[in-house]
Asker: 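Below is one structure. I have some questions about it.
Below, chain A is the first sequence line, B the second, and so on; all start at residue 1. The analysis underlying the following values was restricted to heavy atoms, covering all of them including side chains, and did not include hydrogens, waters or symmetry mates.
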2 protein chains.
Amino acid sequence: MLKPSDEKYLRAIYQISQSENTGKSTISELAYYLELKPPTVLERLKILEQEKYITYTKTDGIHLTRSGQKQALNVVRKHRIWETFLHKVCKFSWSEVHELAEQLQTVNSEKLIDRIFMLSGEPKFDPHGDPIPDKSGTLPASERRPLLNSIEGCRCTVLGVNEDSAEFLNYLSELKIGLNEKLVVEKIFAFDGTLKVRFKNAETALLSSKVAEKIMVSCTKPGCLCGK
Amino acid sequence: MLKPSDEKYLRAIYQISQSENTGKSTISELAYYLELKPPTVLERLKILEQEKYITYTKTDGIHLTRSGQKQALNVVRKHRIWETFLHKVCKFSWSEVHELAEQLQTVNSEKLIDRIFMLSGEPKFDPHGDPIPDKSGTLPASERRPLLNSIEGCRCTVLGVNEDSAEFLNYLSELKIGLNEKLVVEKIFAFDGTLKVRFKNAETALLSSKVAEKIMVSCTKPGCLCGK
DNA sequence: ACAAAAAGTTAGGTATACCTAATATATTTA
DNA sequence: TAAATATATTAGGTATACCTAACTTTTTGT
Ligand SMILES: [Mn+2]
Ligand SMILES: [Mn+2]
Ligand SMILES: [Mn+2]
Ligand SMILES: [Mn+2]
């Protein structure tokens, strides 16, 4: 049985590997993500390596083994189910659920996860639009891509975000960007990559490339070239 | 803010003080209850004493201070609300909820407790019949007493139990004793205090004094002398 | 009242999970 | 390519939460 702290590490490694296109993570990234210092992380990685959940070499970085991947997906499942439950059933806001789910995900009962998943209506995606793995670790398909990869004219639906910090999520509220929001990419300013988007209600907003990179969307304009 | 482990100690001290009629607890009782060794407990008590949650002297045992009592009641509140939620909303059985609630009670969010309390229908008693303190620490009134204190002829309703071990709760299921069950004390055998009780459906059971001591009831026979 | 048993206490030890400071190794960048 | 910078590693330290073994004090039974 995994310790709560193992679960944190494996989920973090999984998340970082996902957001990087390299599929790996490094000690300093992990340390930053977990709010720990590099020596602490290194020490722990050695144990996770002994336990065969990861491989680590300086040159190749940190990779999940098959077994580690399976464990990580299970933690991700628990985390996202709790987030969904908190949002749908307990009526917490989009930006409150992550922190609470971090605490709740440590509770050790598959039966409990099953029940709260049922109570939440067994959805495929969490309140941030992230896919919920099934028990075998399979993720439901989606055509998510960063809003940043848009071309002018894209009609997108906001599926989720790639960052969980309250700071970021509150900023999105400020910008009036919410889950399942539809928006049109009206203009892209080549100078710094800023996007001008228009909402359903005809209001517009300017999004920096830093923000647009973290907003995950699917394009709904038929025949759009954004996905190449 | 209390550490999870402080909360465990304070709840344990509260529970023991309640079940003893002396209103205090001792190191070895606590150690037994928490499944720890006496030196571990002693070490911790010194810290809890420094933090002004308890007083401890060898002669007088362990007492909660006013502040400790307040904290303890809050933990009890969280614990019993989780138990209620697990039973009523998640459909866990009477005997499963305690262990899970021990894990869940450590989660730190008053708002979450409020929400799940609401989802459970804001009841006054938990699935074991124990009263749920309100936010100020006030317990709803009830005339609970151990079944053991009965006299022959008592008509009782089972309100709860004084022990949470799965072993005990499963034994009760075996004996067909459940919450809100009505029973009549038909005979008390002076030799060892064993009680013969009769259920609504006319079946009977023999309960050892050890079991009867832990079953909490209220007597519903008008003018019964059991309560003196 | 005294021996035996129980409860409490002290001393010293382990494992975990974190840290800082110093050093070594890679990677940038001028 | 050499210096500057970033990243990884080693060494050694702290706090917490547990333990056993040995000793002391208190309670209990005869
Ligand atoms: Mn999250
Ligand atoms: Mn999420
Ligand atoms: Mn309980
Ligand atoms: Mn209970």
Side-chain angles (χ1 to χ4, degrees), chain A residues 1-13 16-17 19-64 68 71 75 102-103 105-106 108, chain B residues 1-13 15-17 19-64 68 71-72 75 102-103 105-106 108:
Chain A
M1 188 71 355
L2 289 180
K3 273 166 287 169
S5 133
D6 285 329
E7 300 206 329
K8 259 198 165 180
Y9 273 81
L10 293 179
R11 195 176 79 88
I13 294 166
I16 294 171
S17 308
S19 57
E20 311 280 314
N21 42 21
T22 56
K24 63 171 190 184
S25 67
T26 64
I27 288 192
S28 35
E29 282 168 332
L30 250 190
Y32 178 77
Y33 188 98
L34 294 167
E35 301 181 81
L36 297 171
K37 303 295 168 180
T40 304
V41 169
L42 176 60
E43 190 176 59
R44 196 37 124 60
L45 288 185
K46 284 178 185 162
I47 296 164
L48 290 171
E49 194 167 27
Q50 273 174 20
E51 290 167 344
K52 302 262 167 50
Y53 293 129
I54 62 160
T55 57
Y56 171 59
T57 56
K58 204 190 311 185
T59 46
D60 223 36
I62 304 156
H63 291 267
L64 291 168
Q71 300 292 340
V75 185
E102 290 239 301
Q103 293 184 59
Q105 86 193 7
T106 67
N108 210 322
Chain B
M1 188 72 356
L2 288 181
K3 273 165 286 170
S5 134
D6 285 329
E7 300 205 328
K8 260 198 164 179
Y9 273 80
L10 293 180
R11 197 177 76 89
I13 294 166
Q15 296 281 53
I16 294 170
S17 309
S19 57
E20 312 279 314
N21 42 22
T22 56
K24 63 173 190 184
S25 68
T26 64
I27 288 192
S28 36
E29 282 169 332
L30 250 190
Y32 178 78
Y33 188 97
L34 294 168
E35 300 181 83
L36 298 170
K37 303 296 168 181
T40 304
V41 170
L42 175 60
E43 191 175 57
R44 196 37 125 61
L45 288 184
K46 285 177 185 163
I47 295 163
L48 289 171
E49 194 167 26
Q50 271 172 22
E51 289 167 344
K52 302 263 166 52
Y53 293 129
I54 62 160
T55 58
Y56 172 59
T57 57
K58 203 190 311 188
T59 45
D60 222 37
I62 304 155
H63 290 268
L64 291 167
Q71 300 293 338
V75 185
E102 290 239 302
Q103 292 184 59
Q105 87 193 3
T106 66
N108 211 322

Asker: Look up atom CG in A:Leu36 and atom CD1 in A:Ile27, then write down how far apart they are to the nearest 0.5 Å.
Answerer: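 So the gap between those two atoms works out to 12.0 Å.
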Asker: Please list, pair by pair, any protein nitrogen or oxygen found under 3.5 Å from a nitrogen or oxygen in nucleotides 25-29 of chain D.
Answerer:
| unit_1 | atom_1 | unit_2 | atom_2 | d |
| --- | --- | --- | --- | --- |
| D:dT25 | O3' | B:Lys58 | NZ | 3.2 |

Asker: Measuring from B:Thr106:OG1 to A:Gln103:CD, what's the distance to the nearest 0.5 Å?
Answerer: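 Rounded to the nearest 0.5 Å, the OG1-CD separation comes to 7.0 Å.
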Asker: For the residue pair A:Ile13 and A:Ser25, what are the closest heavy atoms and their distance?
Answerer: CG2-OG, 4.0 Å
Asker: Starting at atom CG of A:Leu30, determine the distance to atom C1' of D:dA8, rounded to an integer number of angstrom.
Answerer: 13 Å
Asker: What I'd like to find out is whether the side chain of B:Lys24 reaches to under 4.5 Å of the side chain of B:Asp60, using heavy atoms alone.
Answerer: no
Asker: Under a 4.0 Å heavy-atom cut-off, which of residues 38-47 of chain B touch DNA chain D?
Answerer: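 Heavy-atom cutoff 4.0 Å gives B:Pro39, B:Thr40, B:Glu43, B:Arg44.
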Asker: Does A:Glu7 have any salt bridge (Lys or Arg N to Asp or Glu O under 4.0 Å) partners at least two apart in sequence or in another chain, and if so, which?
Answerer: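 So A:Glu7 forms a salt bridge (Lys or Arg N to Asp or Glu O under 4.0 Å) with A:Lys78.
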Asker: Indicate yes or no: does A:Glu102 engage A:Arg11 in a salt bridge with an N to O separation below 4.0 Å.
Answerer: yes
Asker: Anything under 4.0 Å to a heavy atom of chain B counts; send over the first and last such nucleotide of DNA chain C, read 5' to 3'.
Answerer: C:dA7 to C:dT10
Asker: For a quick test of your reading: what N or O donor-acceptor pairs under 3.5 Å do the side chains of residues 42-55 of chain B make, sequence neighbours left out?
Answerer:
| unit_1 | atom_1 | unit_2 | atom_2 | d |
| --- | --- | --- | --- | --- |
| B:Arg44 | NH1 | B:Ser5 | OG | 3.2 |
| B:Arg44 | NH1 | B:Asp6 | OD1 | 2.9 |
| B:Arg44 | NH2 | B:Ser5 | OG | 2.8 |
| B:Glu49 | OE2 | B:Tyr56 | N | 3.0 |

Asker: What are the two closest non-hydrogen atoms of A:Leu30 and A:Ala12, and how far apart are they?
Answerer: CD2-CB, 3.6 Å
Asker: Working to the nearest 0.5 Å, report the span between CD1 of A:Ile62 and OG of A:Ser17.
Answerer: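 Atom-to-atom, A:Ile62:CD1 and A:Ser17:OG are 8.0 Å apart.
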Asker: Within the structure shown, what part of the strands sits under 4.0 Å from B:Tyr32 by heavy-atom distance: base, sugar-phosphate, or nothing?
Answerer: nothing
Asker: Which pairs with one or both residues in residues 30-42 of chain B pass side chain to side chain donor-acceptor pair (under 3.5 Å), sequence neighbours excluded?
Answerer: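 Every pair satisfying side chain to side chain donor-acceptor pair (under 3.5 Å) with a residue in residues 30-42 of chain B: there are none.
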